[in-house]
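Working notes for the structure below.
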Amino acid sequence: EMPAGLAVLAPTPHPQVPRDLAQVWLAPERGTAASRSNAVLSLASAARFTAGGEYSKALSAVISQPKVPDGPLGQYATYYAAVAQLRLNRAADALRSFRAIQDQKPTGYLWEAAALGEAEALEMLEKPDDASKIYERLLKGRLSNVEDVYMRLGRAAKAAGDQVKASDAYAHVFYEFPLSENA
């Protein structure tokens with residue numbers, strides 16, 4: 001007989017563990033057809049070519065795939081195509097592509113990267129004032145590289161003739177990142 005006031009341990013209720021391991025990890029098993037699809041391979045090629053500076057090949061890799069899945073893969077395919085277009089001095093095409101990504105409301109880094117690409121395309125199209133507005137909007141959110149966005153804002157504001165805004169942006173870099181190369 002147990003003394004009064006002692007708690008008895010009992011198993012906790014929980015959902016049944018699936019027998020299929022892919023369901024447990026929420027990822028497909030290695031070697032499945034989904035991970036080897038043409039869309040995924042062309043996206044990987046586009047990323048590799050973009051990182052290597054081979055922008056014509058990156059653009060071809062994305063365009064050669066007639067149907068890239070919707071969702072994040074499709075957004076990233078559009079992103080790599082837009083970066084390639086931008087680096088190939090096709091700023092108007094890149095601007096449309098970056099805006100198409102943003103219309104889909106991407107999450108994570110893609111949200112930031114698409115906005116930065118849009119601003120860079122606007123700068124190439126000699127619209128630095130519009131680019132400045134995008135940089136200012138970005139600075140109100142969470143960024144992976146605040147210093148870089150302030151530098152971009154400073155350059156765009158200077159090109160737009162707004163010396164006060166440019167000085168303020170450069171001052172942020174100088175005082176908030178004093179040990180950086182840009183400071």
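All values reported here derive from a predicted model rather than from experimental measurement. Each residue takes its place number in the sequence, starting with 1.
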Subject >> Residues that Thr12 engages under side-chain contact (heavy atoms from CB on, under 4.5 Å), provided they are two or more places apart >> reply: His14
Original post:
Looking only at heavy atoms, what is the nearest atom pair of Pro128 and Ala156, with distance?
Top reply: CB-O, 3.3 Å
Subject >> Pairwise distance CG(Leu110) to CD(Gln104) - rounded to 0.5 angstrom >> reply: 9.0 Å
**OP:** For the pair Arg90 and Asp93, find out whether any cationic side-chain nitrogen is under 4.0 Å from an anionic carboxylate oxygen.
**Re:** yes
Subject >> Residue pairs involving residues 161-171 (criterion side chain to side chain donor-acceptor pair (under 3.5 Å); sequence neighbours excluded) >> reply: Glu136-Lys165
**OP:** First locate atom OH of Tyr79, then atom OG of Ser97, and finally report the distance between them rounded to the nearest 0.5 Å.
**Re:** 12.0 Å
Original post:
What about Leu125 and Ile134, same hydrophobic cluster or not, with Ile/Leu/Val/Met/Phe/Trp/Tyr joined at side-chain heavy-atom distances under 4.5 Å?
Top reply: yes
Original post:
If you look at every heavy atom in Leu138 and Ala115, which pair is closest and at what distance?
Top reply: CD2-CB, 3.7 Å
**OP:** State plainly whether one hydrophobic cluster holds both Val173 and Leu139, where clusters connect Ile, Leu, Val, Met, Phe, Trp and Tyr through side-chain heavy atoms under 4.5 angstrom apart.
**Re:** yes
Original post:
In terms of hydrophobic clusters joined by side-chain contacts under 4.5 Å, are Phe49 and Leu86 together?
Top reply: no
Original post:
Where is the tightest heavy-atom contact between Ala46 and Val62, given as atom of each residue plus distance?
Top reply: CB-CG2, 3.4 Å
**OP:** Could you tell me which non-hydrogen atom of Ala61 sits nearest to which non-hydrogen atom of Ser45, and how far apart they are?
**Re:** CB-CB, 4.1 Å
**OP:** Compare every heavy atom of Met124 with every heavy atom of Ala91, then report the nearest pair and how far apart it is.
**Re:** CB-CB, 3.8 Å
Subject >> Considering all heavy atoms, the nearest Leu88-Ser56 contact >> reply: CD2-OG, 3.7 Å
**OP:** Could you tell me the separation between the CD atom of Glu112 and the OG1 atom of Thr107, rounded to the nearest 0.5 Å?
**Re:** 12.5 Å
Kindly list each side-chain donor-acceptor pair under 3.5 angstrom involving residues 175-183, sequence neighbours excluded, with atom names and distances?
residue: Glu176; atom: OE2; partner: His172; partner atom: ND1; Å: 2.5
residue: Ser180; atom: OG; partner: Glu147; partner atom: OE2; Å: 2.7
residue: Ser180; atom: OG; partner: Phe177; partner atom: O; Å: 2.8
residue: Ser180; atom: OG; partner: Ala183; partner atom: N; Å: 3.2
residue: Asn182; atom: ND2; partner: Glu147; partner atom: OE2; Å: 3.0

**OP:** Report the distance from atom CZ of Phe98 to atom CD of Glu118, rounding to the nearest 0.5 Å.
**Re:** 9.0 Å
Original post:
Looking at residues at least two apart in the chain, or sitting in another chain, which of them share a side-chain contact (heavy atoms from CB on, under 4.5 Å) with Thr50?
Top reply: Tyr55, Ala58, Tyr80, Val83
Subject >> Spacing of CD belonging to Gln102 relative to CD belonging to Gln75, to within rounding of 0.5 Å >> reply: 11.0 Å
Original post:
Got a sec, which residues hit side-chain contact (heavy atoms from CB on, under 4.5 Å) with Arg152, two or more places apart in sequence or on another chain?
Top reply: Leu116, Glu120, Tyr135, Asp148, Arg155
Original post:
When rounded to the nearest 0.5 angstrom, what is the spacing between CD in Glu123 and CG in Asp130?
Top reply: 10.5 Å
Subject >> Qualifying residues under side-chain contact (heavy atoms from CB on, under 4.5 Å), relative to Ala169, sequence neighbours excluded >> reply: Tyr150, Leu153
